[in-house]
Structure formats: structure tokens, C-alpha cells
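First up is the structure itself, then whatever we jot down about it.
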Amino acid sequence: MAAAAQPQTNEGFGEMLRRSRLAAGLTQEDLASRAGLSVRAVSDLERGVKKRPHFETVRMLADGLNLALPDRAALLAAARSSTLPAPSASAVRPRLPVPPTALVGREMEVAAAVALLRRPDVRLLTLTGPGGVGKSRLALAVATELADEFSDGAAVVELASLQDADLVASTVVQELGVHEAGGKLPHERLTDFLREQSFLLVLDNLEHLLPAALLVGQLLAACPGLRVLTTSRVRLRLRGERELPVPPLLLPDPDQLPPVAELAETPAVRLFVERVADVKPGFGVKADNAGAVVEICRRLDGLPLALELAAARMRLLSADALLALLGERLRLLAGGPVDALDRHRTLRAAIAWSYDLLPPGEQILFRRLAVFAGGFDLEAATAVAGGGDPFATLTQLEELASHSLLRQREGPDRQPRYVMLETVREFGLEQLAVSG
């Protein structure tokens, strides 16, 4: 990457831009071409004719200069100082929470999300996936990776406990420490605060507050330097939204198991072993337990929450003994950490959260579809739906998939088939029995 010359004391944006361009060996014409700007715009910025550079313009220039992260942050900071007065107490960079455990096996997902949010055309990214797949933890890792690239920082706002979408704006305002301003409404204060900031806002657990998507759209329209990363079991359905589905952790192939040392590095196995070691020091994958460990991870679909809850049960069990109890996994996988969300303390509660968000008609179809152990196609789904209308059934299947309760796969005949995670299907069978 090109490196900017070391900034001089009290150097303005124009001077820094010019020195960075010269350090990269570029003419104004070269930089304009790379950044997608006019030569006149580059010239005006360097000479200080334009004293309020748009933050999107600064990002395009940084991309054109191929700046390393520290130099990119310095250029953004120079643009910030040239457009705004000194920050008030309400503009202090918020601190990201420190995770209690290390993130395991998500290197590819972090890299994909970071790459998307660095693109100038992606300002809203939604991480979707089933309950317990680790969306919140992944979002925190992404925010931590990107925070220094935003001159005003990044913040994570947890919304799981909120019940009213109308309170999202005031919750974010409180989290960011935005001061009262002349009797303005929370969303107005938030817009004013973020309007000229280079900021990454993470809204965590938004699926039950979908009317607040309109607030997100309004903020993005009014605040050009803002990027928003949300986690939700359902996409927000806003224009310009990019969705990144978060899959379960990668599982080993039970038919072609690698050597034990390689097996232990498979993401699902690694997470399970690390969490077991928290309650049973010295535990590891060995020749005599490798088969059971792999089958545990497979039966739990590689779902991080399920693996962690199962690992906590290993204090008094062997891998074989735990595996024998997985026939009733929803009863077994309970008793999560007391500082976790209520719906993440049991696997049943995590799945029920998604189920309860479904309309009644989709709940009925979900229960009926749980009878298919190996997945199903549209014809089979239409048959159990009872209406005989494949188009209506397809719409319902789309709703279930949007809530991360179904996944699509290509069948042997290249026709689409739909499957549930086994943990999700077991919950569906429970609900089918309860419904009579």
C-alpha cells in the first residue's frame, strides 16, 4: 500500500492530500482517475478552495491513494478537523465492548464483512442467520477490525431487550451520549450528531424491531459518512442493503476424517473442545474420542450456541455419554451463562424467539414441515400446507427462510430442496405435538 508522508503539525486536509499524492507518485490526473473524481475537484481540495470535503469523497481519495489503515485514518481525521469545530463531550469516541471469549473459526466471515463495509457502495450490511449462530459476536469482531478506519469510531448498540421500535432512536442516542438539543426529538438529535461524522454504527438484534428499519434508512440518507452494520434473523428490506448470511461452523466430513491433529482445527470441533476445556481442563480430541466428538458436532449442526451449551454439560460426562443424551437435545442444551441473553441460555429459547416472530399461518406450516427428516421440495411442502396452491406455499417458504428457519439446497435432480437444521426440526416436532 502507498504510505502518506508523516503529517506535519497543524497540517490541513489539502496539504496532507497533496503530500500523500506525491508520496504515491501520482499526478492530480492520476488520482482523479483512480478515485472517480474530476481533476478540478482534486485541485480544489489540495488548494483549499473546497474547505468542506464530503466524507465519501475522502474515502474515494483514500482508495485511490491505496493508503494503509493509519494513513487512511489520518486523512479522514484531517477532513474532520477542517469541517467541524473541536468535538464536544458528546462526541467522545465510544468504546467497543470487550468480548468474554475469543472468536473461533470465523476468519472467512470477518474478512467478508470487512471487505463489504470497505466498499463505497455498501453502507448498510445485515448479518442474518438462525438463533445461536453467532451473529452478535461476529459483528463485534467486524466493528473492532474497522473501528480505526472511521475517524469518529464505532459503537455497538444492543437492542435485544427493547420491545418497542419507537424507542430505538432514544436508545441509540443514550448509548452514544448525545446531549439534549433544543427540544428536538431523539431521531433528529441522532441525525444532527451523525450528519458530519465518519462512524460505524452496529445495531445488534434488530429482528423484532423491524419498523425501526425506516430510521436506519433516514440516517443513511442524511449522514454520508455513516456505515451501519446490523444483526437480525430477518433482513431489513431497505434499498441498498447487503445481506451476509452467517452459516453454522464448518464440520468435518464424517466419511473422510482427517488425522486427529487436523480434526481438532476444524472450526466446529475447535469451538467445542475449547469450551469443554473451560469446565474440564486438559480435554482434547484423541483417537479414542474423535468419533464421538465429530458426531456431537454434526448432531448439533455446527451451531455455536448448541456447541457451547453441550460443552458446558461435559463437566460430568464423557463424549460418548453426552452423545447418548442428544436424542433429546432441547432438554439437554440448557443452563447457559447467567450473563447471557435469556434466549441464549437454552437452545429451545433461541429457536422459539424466531418461531414467535412468525405470522400464525407460517407457524402452522413450519410445524408441519418438521416431519420431513431429509428435507423436502415445493411439491411436498404444498401437500402438507393443505391449500394446494404452490405459489402461496412458496411465499410462506420465503417467509420461513427469511427468518433463518429454512435453508435451500440443490437436490440430486438439480431442483431446489429445503432443509431445517436438526435442532430446529426437533423444535418444530415439539410444537407439532403440542398443537395436536
Side-chain angles (χ1 to χ4, degrees), residues 113 116-117 122-140 142-143 155-176 185-191 194 200-223 226-246 305 341-344 349-366 392 394-408 424 427:
L116 283 170
L117 285 169
V122 178
R123 298 184 57 221
L124 170 61
L125 178 63
T126 300
L127 304 180
T128 60
V133 81
K135 301 181 293 296
S136 298
R137 184 65 185 83
L138 177 60
L140 177 56
V142 172
V156 176
V157 181
E158 169 56 57
L159 300 171
S161 61
L162 209 60
Q163 299 300 319
D164 187 348
D166 291 337
L167 298 179
V168 170
S170 58
T171 301
V172 178
V173 161
Q174 182 177 3
E175 184 68 26
L176 299 187
L185 296 173
H187 74 273
E188 296 172 327
R189 291 158 52 200
L190 186 58
T191 301
L194 293 173
L200 175 62
L201 177 62
V202 181
L203 300 176
D204 192 21
N205 292 295
L206 201 57
E207 62 269 356
H208 61 303
L209 303 166
L210 290 182
L214 294 175
L215 169 67
V216 175
Q218 292 165 1
L219 289 173
L220 289 169
C223 308
L226 178 66
R227 291 285 191 279
V228 178
L229 173 62
T230 72
T231 73
S232 174
R233 302 189 191 188
V234 189
R235 67 189 303 269
L236 308 189
R237 298 180 180 176
L238 288 173
R239 290 176 297 175
E241 177 185 18
R242 284 295 295 266
E243 180 181 3
L244 183 63
V246 181
L305 176 62
L341 293 172
D342 287 344
R343 67 171 184 264
H344 285 172
I351 301 171
W353 177 261
S354 290
Y355 175 76
D356 291 342
L357 292 174
L358 291 173
E362 279 69 20
Q363 288 184 346
I364 293 172
L365 180 59
F366 169 76
L394 180 60
T395 299
Q396 289 185 302
L397 291 179
E398 289 173 344
E399 186 73 13
L400 294 176
S402 74
H403 281 76
S404 303
L405 292 169
L406 284 184
R407 295 187 294 170
Q408 181 189 333
V424 172
F427 176 85

- Query: Only one of L194, L215, L201 clears side chain to side chain contact (heavy atoms under 4.5 Å, CB included) with V172; which?
  - Reply: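 It is L201, the one option of L194, L215, L201 that forms the side chain to side chain contact (heavy atoms under 4.5 Å, CB included) with V172.
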- Task: Let me see the working for L229 and V156 under side chain to side chain contact (heavy atoms under 4.5 Å, CB included), right down to the final yes or no.
- Result: CA-CA 9 Å; L229 173 62; V156 176; over 6 Å; no
Look at the side chain of [X] and the backbone N and O of [Y], then say whether any donor-acceptor pair between them is shorter than 3.5 Å.
| X | Y | value |
| --- | --- | --- |
| S404 | R233 | yes |
| K135 | V246 | no |
| R242 | L116 | no |
| E241 | L236 | yes |
| R239 | G217 | no |

Quick one, [X] and [Y] - any side-chain contact, counting heavy atoms below 4.5 Å?
| X | Y | value |
| --- | --- | --- |
| S402 | R237 | yes |
| L176 | L190 | yes |
| L140 | V202 | no |
| L357 | V234 | no |
| L406 | V424 | no |
| L226 | L219 | yes |
| E362 | Q396 | yes |

Mind listing the closest non-hydrogen atom pair of [X] and [Y] along with its distance?
| X | Y | value |
| --- | --- | --- |
| A143 | L200 | CA-CD2, 3.8 Å |
| T231 | A139 | CG2-CB, 3.6 Å |
| N205 | L159 | O-CB, 3.6 Å |
| S232 | T126 | CB-CG2, 4.2 Å |
| L238 | A213 | CD1-O, 3.3 Å |

How long is the straight-line distance from [atom2] of [Y] back to [atom1] of [X], given to the nearest 0.5 Å?
| X | Y | atom1 | atom2 | answer |
| --- | --- | --- | --- | --- |
| L365 | T395 | CG | OG1 | 11.0 Å |
| H187 | D166 | NE2 | CG | 11.0 Å |
| D164 | L162 | CG | CG | 7.0 Å |

- Message: Does the plane of the ring in Y355 sit parallel, tilted or perpendicular to the ring in F427? Use 30° and 60° as the thresholds.
- Response: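 Perpendicular, since the angle between the ring planes exceeds 60°.
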- Task: Check the angle between the aromatic planes of W353 and H208 and answer parallel, tilted or perpendicular using the 30° and 60° thresholds.
- Result: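 Perpendicular.
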- Task: Check the pair L358 / L405 against side chain to side chain contact (heavy atoms under 4.5 Å, CB included), numbers first and verdict last.
- Result: CA-CA 10 Å; L358 291 173; L405 292 169; 3.6 Å; yes
- Check each of E207, E243, E399 against R235 using the salt bridge (Lys or Arg N to Asp or Glu O under 4.0 Å) test, and report the only one that passes.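 Going through the options one by one, the only one that passes is E243.
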- By salt bridge (charged side-chain N to carboxylate O under 4.0 Å, His left out), which residues pair with E158, not counting sequence neighbours?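 Per chain and number, E158 pairs via salt bridge (charged side-chain N to carboxylate O under 4.0 Å, His left out) with no residue.
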- Item | Heavy atoms from other residues, nucleotides or ligands near CD of E398 exceed 12 (cutoff 6.0 Å) |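 Atom CD in E398 is packed in, count exceeds 12.
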